[in-house]
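Here is how names work: the chains are called A, B, and so on, in the same order as the sequence lines, proteins then strands, and each is numbered from 1. Remember, predicted model here, so these are calculated numbers, not experimental data.
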Number of protein chains: 2
Amino acid sequence: MIENHIFKALADPTRRTIFEKLATAPRMNASTLRTGMEISQPAMSQHLAVLRQAKLIREDRQGRFVYYEVDPEGFGVIAQWVTKYRTYWPERIDALKATLKDMDQ
Amino acid sequence: MIENHIFKALADPTRRTIFEKLATAPRMNASTLRTGMEISQPAMSQHLAVLRQAKLIREDRQGRFVYYEVDPEGFGVIAQWVTKYRTYWPERIDALKATLKDMDQ
DNA sequence: CAAACACATAAGCACGTGCTTATGTGTTTG
DNA sequence: CAAACACATAAGCACGTGCTTATGTGTTTG
């Protein structure tokens, strides 16, 4: 059940931060990801392993560096999950999303 | 941080099943939700409390029954979260979602 | 109004999770 | 090639989580 891995991976706020970094910036290696994050090297390594197993990120080994980037496969499962339920009450959700968007600004 | 409550609430497979029931069927009370679910009454009550605190469901007390239904507020946060990242690689995600949809059938 | 009912809550327990320190593995540098 | 580097992994620990049994609270039924 990979869906369960994905939801569990995203349940941790540190991992969501890492995912957000990789989603909004070019590929980074583990050390670069740590900058400005108050997290030890082993902790980062463990979080990256969880995200990798959930297919939310994927690695690209280059010598002694390991570069990470978002893996659309895992994210697609969440996107699909949202789409599945959105169809049940599209108007209510879209109205709410507009409200949330306004709040951001 | 309500976003964290929501992701943590959805990280449990039993709670996702409950949410799915409420999303795809009319409002139900706690006992009706239990039918066909091999879950004790206290366990169900505790799961419903977590979902309620995450604003994924809301309650409507009617005498000694408590009816539950999906609360668009919590779901909207997830939908918004997905939308936020989808914008970074729309073509890749949409292609993948089409693939996943095919796999369902 | 006493019993049954629908649900909530408390306490205890087994197991999961995220961190730490220590150390291992493979690669590059000087 | 020895040291430095980038990262992974192991073991241990504190704390979180989801269940159980027991019991509490409010409502309805006969």
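- No donor-acceptor distance shorter than 3.5 angstrom exists from the side chain of B:Ser45 to the backbone of B:Gln41, with no hydrogens or angles considered.
- Checking B:Gln46 against A:His47, the closest nucleotide of DNA chain C that is more toward the 5' end is the one next to B:Gln46.
- A:Met44 and A:Leu10 fall within a single hydrophobic cluster, where Ile, Leu, Val, Met, Phe, Trp and Tyr are joined by side-chain heavy atoms under 4.5 Å apart, directly or via other members.
- Judged purely by atom type and a 3.5 angstrom limit, A:Thr35 has no side-chain atom pairing as donor or acceptor with the backbone of A:Ser31.
- For the pair A:Leu33 and A:Leu22, the minimum side-chain heavy-atom distance is below 4.5 Å.
- Under a cut-off of 6.0 angstrom, the local environment of CD in B:Gln62 is crowded, with over 12 non-hydrogen atoms contributed by other residues, nucleotides or ligands.
- At a non-hydrogen distance threshold of 4.0 Å, B:Gln41, B:Pro42, B:Ser45 from residues 34-45 of chain B come into contact with DNA chain C.
- Nucleotides of DNA chain D that come within less than 4.0 Å of any heavy atom of chain A span, from the 5' end to the 3' end, D:dC5 to D:dA10.
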query = Reading DNA chain D 5' to 3', what string of ( ), [ ], | and . shows its pairs, if Watson-Crick and G-U wobble pairs count only when both distances fall under 3.5 Å?
reply = ||||||||||||||||||||||||||||||

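- When the side-chain hydrogen bond (donor to acceptor under 3.5 Å, both in side chains) test is applied to B:Asn29, the partners found at least two apart in sequence or on another chain are B:Thr32.
- Residue A:Tyr67 is classed as having no contact, given no heavy-atom separation below 4.0 Å to the nucleic acid.
- Judged purely by atom type and a 3.5 angstrom limit, A:Arg34 uses its side chain to pair as donor or acceptor with the backbone of A:Ile39.
- Side-chain atoms of B:Lys55 do not come within 3.5 Å of backbone N or O of B:Asp71 as any donor-acceptor pair.
- Under a 4.5 Å side-chain heavy-atom cut-off, the cluster of Ile, Leu, Val, Met, Phe, Trp and Tyr residues that includes A:Val50 has no other member.
- Every residue was checked against the salt bridge (Lys or Arg N to Asp or Glu O under 4.0 Å) condition with B:Arg15, not counting sequence neighbours, and none meets it.
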